[in-house]
There are 2 protein chains.
Amino acid sequence: MKKVAADTRSSILAAAAAEFAAHGFAGASVDDIAVRSQFNKAMIYYHFENKLGLYVEILRDVFRGLGARTAAIADSAASPAEKIGGFLDAFNEMAATHPYMPPMMMREMAEGAVRVDPDTLGLMARIFGSLRRILQDGVAQGAFRPANPVLTYFSLVTPVIFFHASAPIRRALDRQQFVPVGNIDASVFVAHQKAIVLAALQPCHDGTAAGRPARQTTGVTAKTRKRTRSTRPGDHA
Amino acid sequence: MKKVAADTRSSILAAAAAEFAAHGFAGASVDDIAVRSQFNKAMIYYHFENKLGLYVEILRDVFRGLGARTAAIADSAASPAEKIGGFLDAFNEMAATHPYMPPMMMREMAEGAVRVDPDTLGLMARIFGSLRRILQDGVAQGAFRPANPVLTYFSLVTPVIFFHASAPIRRALDRQQFVPVGNIDASVFVAHQKAIVLAALQPCHDGTAAGRPARQTTGVTAKTRKRTRSTRPGDHA
DNA sequence: GTCTATATCGGGATAGAC
DNA sequence: GTCTATCCCGATATAGAC
């Protein structure tokens, strides 16, 4: 019942993804990855350069797929609103098919993406660029009001990442009955997110202050602060 | 120029917070915390039980403050909309005064809050409960339409956490000019978030599908799945 | 390609002097 | 309360047989 050679790599990758998602890069143990993969530690170093090489390969694979899909959505003939929906669906389905990704993305964000190589960083930039194009096209077509793409990106995407990554703690909270958090399906949350953000992008509104999102007046200020570096990378303060 | 005794604990706590924020619990080094604190490792173990004790004390302190403040907002005489705004301001100001918290929260979420003791979990539940009361009161007063508090919590709060935690990577992206992400002030993003969510909570709208958020029809299903446990806590899949 | 055994080192925690 | 020196386990990575 042992796997054949070709599956070794993918078996190790899957085991590593689960381990990294659960414990982070530093907390992950190569020994445990070996056990999960049903192989042993030496196999990992035969197929991959080291722990970091394994890690970045996982990230890059997923971002590559996500980058291609979001770009296709931006290029499609769908309406701007449909594109926004499709953009969020892409993230949601990525999270569903690769459940290790939301935790890994949260952690990587938390430490300033110190382990993201330039290649993968480019893929992330490409994803953001697709959203920017969707928004621009929407404005050009009169479907959206002007909106800062950075603010929109965070409002739209990050709750879905957070929602997926929080599945374990939501289950724990519900089980221990500290708070009736329930068992909400991701598709429900995604629909909720789409509705909120699309409403805010509507060009015409009722005129209440609450209906007016992010003043388009940039919010972007001159870059002034210089980074003070510590002995190790990834420091916040 | 050496600090006096009473400051030792707080100096260690500050150093530990920075170290945990930058590298996570597993990645943080007690040696480095000692260096940062300008004391030595033995001092840490004199004042704290161990690495974990240090960690949970940092989390609990902040959540205690946040719990008190959000409860006060919920109990106040302000309008429902003002309470939502104040609730988000509380998170934003916490992030500004304790910049180590957003990364720590992101990581804790990512690993299923395995290091959150019941005491702190109760504080987190209290914070969520305050939002729930604000929403309920808003509906009772006719200021809000009914909304699932869990969905609303994620849509409202998590982008602000993410935004703060992403400050380093946004600076890096901007510096390396992969993508023109700019230097956006947190207050601008918070205003944007308030506007979006408050608009979605408005009881009257123009009737477009986009204006309708999360069907109140629960989205909560029966709890069925049993957790399959791995050898170590915090596993996702 | 796959395994066992081992080198090597960093890091959590402690002993004990002052 | 504060420090130096040290124990010791666990974790990355490698050597080398099959």
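Per chain, numbering begins at 1; letters A, B, ... match sequence-line order.
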Task: Residue that, paired with B/Y55, satisfies ring-ring contact (aromatic ring centres under 6.0 Å, His included) out of B/F48, B/Y100, B/F20 - done: B/F20

- [ ] Kindly assign one of parallel, tilted or perpendicular to the pair B/F128 and B/Y153, based on the angle between their ring planes and the thresholds 30° and 60°.
- [x] perpendicular

- [ ] For A/K194 and A/I84, indicate whether the former's side chain and the latter's backbone hold a donor-acceptor pair under 3.5 Å.
- [x] no

Could you pull out every donor-acceptor pair under 3.5 Å between side chains of residues 113-120 of chain B and any protein atom, sequence neighbours left out?
residue	atom	partner	partner atom	Å
B/R115	NH2	B/E111	OE1	2.3
B/D117	OD1	B/T120	OG1	2.6
B/D117	OD2	B/R60	NH1	3.3

Open item on the list: Can you measure A/N40 atom CG to D/dT12 atom P for me and round it to whole angstrom units?
Closed with: 14 Å

Task: Terminal axes of the helix from C/dG1-D/dC18 to C/dC18-D/dG1 (five pairs each): angle between them, nearest 10 degrees - done: 0°

Open item on the list: Donor-acceptor pair, distance only, cut-off 3.5 Å: does the side chain of A/K83 make one with the backbone of A/A74?
Closed with: yes

- [ ] Rounded to the nearest angstrom, tell me the gap between atom OH in A/Y55 and atom P in D/dT12.
- [x] 15 Å

Task: Integer-rounded Å distance: C/dT4 P and A/F39 CZ - done: 13 Å

TODO: Starting at atom CD1 of A/I33, determine the distance to atom P of D/dA11, rounded to an integer number of angstrom.
DONE: 11 Å

Open item on the list: What is the separation between atom CD on A/E19 and atom P on D/dT12, rounded to the nearest whole Å?
Closed with: 9 Å

Open item on the list: Could you tell me how far apart A/I44 (CD1) and C/dT4 (C1') are, to the nearest whole angstrom?
Closed with: 15 Å

Task: Parallel, tilted or perpendicular: rings of A/F163 and A/F189 (30°, 60°) - done: parallel

Task: side chain to side chain donor-acceptor pair (under 3.5 Å) involving A/R170 - partner list, sequence neighbours excluded - done: A/S166

Open item on the list: Please report the distance, rounded to the nearest Å, between CG in A/D32 and P in D/dA13.
Closed with: 15 Å

Open item on the list: Walk along nucleotides 5-10 of chain C from 5' to 3' and tag each nucleotide B, S or - by protein heavy-atom contact under 4.0 Å, base first, then sugar-phosphate.
Closed with: ------

Task: OP1 or OP2 of D/dG1 under 4.0 Å from side-chain N/O of B/T8 - done: no

Open item on the list: Between A/E49 and B/Y46, which residue's closest nucleotide on DNA chain D lies nearer the 5′ terminus?
Closed with: B/Y46

- [ ] With sequence neighbours excluded, tell me which residues meet salt bridge (Lys or Arg N to Asp or Glu O under 4.0 Å) with A/K51.
- [x] none

- [ ] Report the nucleotide, chosen from C/dT2, D/dT12, C/dG12, that has the shortest atom-to-atom distance to any side-chain atom of B/S29.
- [x] C/dG12

TODO: Considering just the side-chain nitrogens and oxygens of A/Y45, establish if one lies under 4.0 Å of OP1 or OP2 belonging to D/dA13.
DONE: yes

Task: Nucleotide nearest B/M43 (side chain, heavy atoms from C-beta), chosen from C/dG12, D/dC3, D/dA13 - done: D/dC3

Task: Out of D/dT2, D/dT12, C/dG12, whichever nucleotide has its closest atom nearest the side chain of A/D31 - done: D/dT12

Open item on the list: Tell me the interatomic distance from B/K51, atom NZ, to C/dT14, atom C1', rounded to whole angstroms.
Closed with: 17 Å

- [ ] Check salt bridge (Lys or Arg N to Asp or Glu O under 4.0 Å) between B/R132 and all other residues, then give those that pass, not counting sequence neighbours.
- [x] none

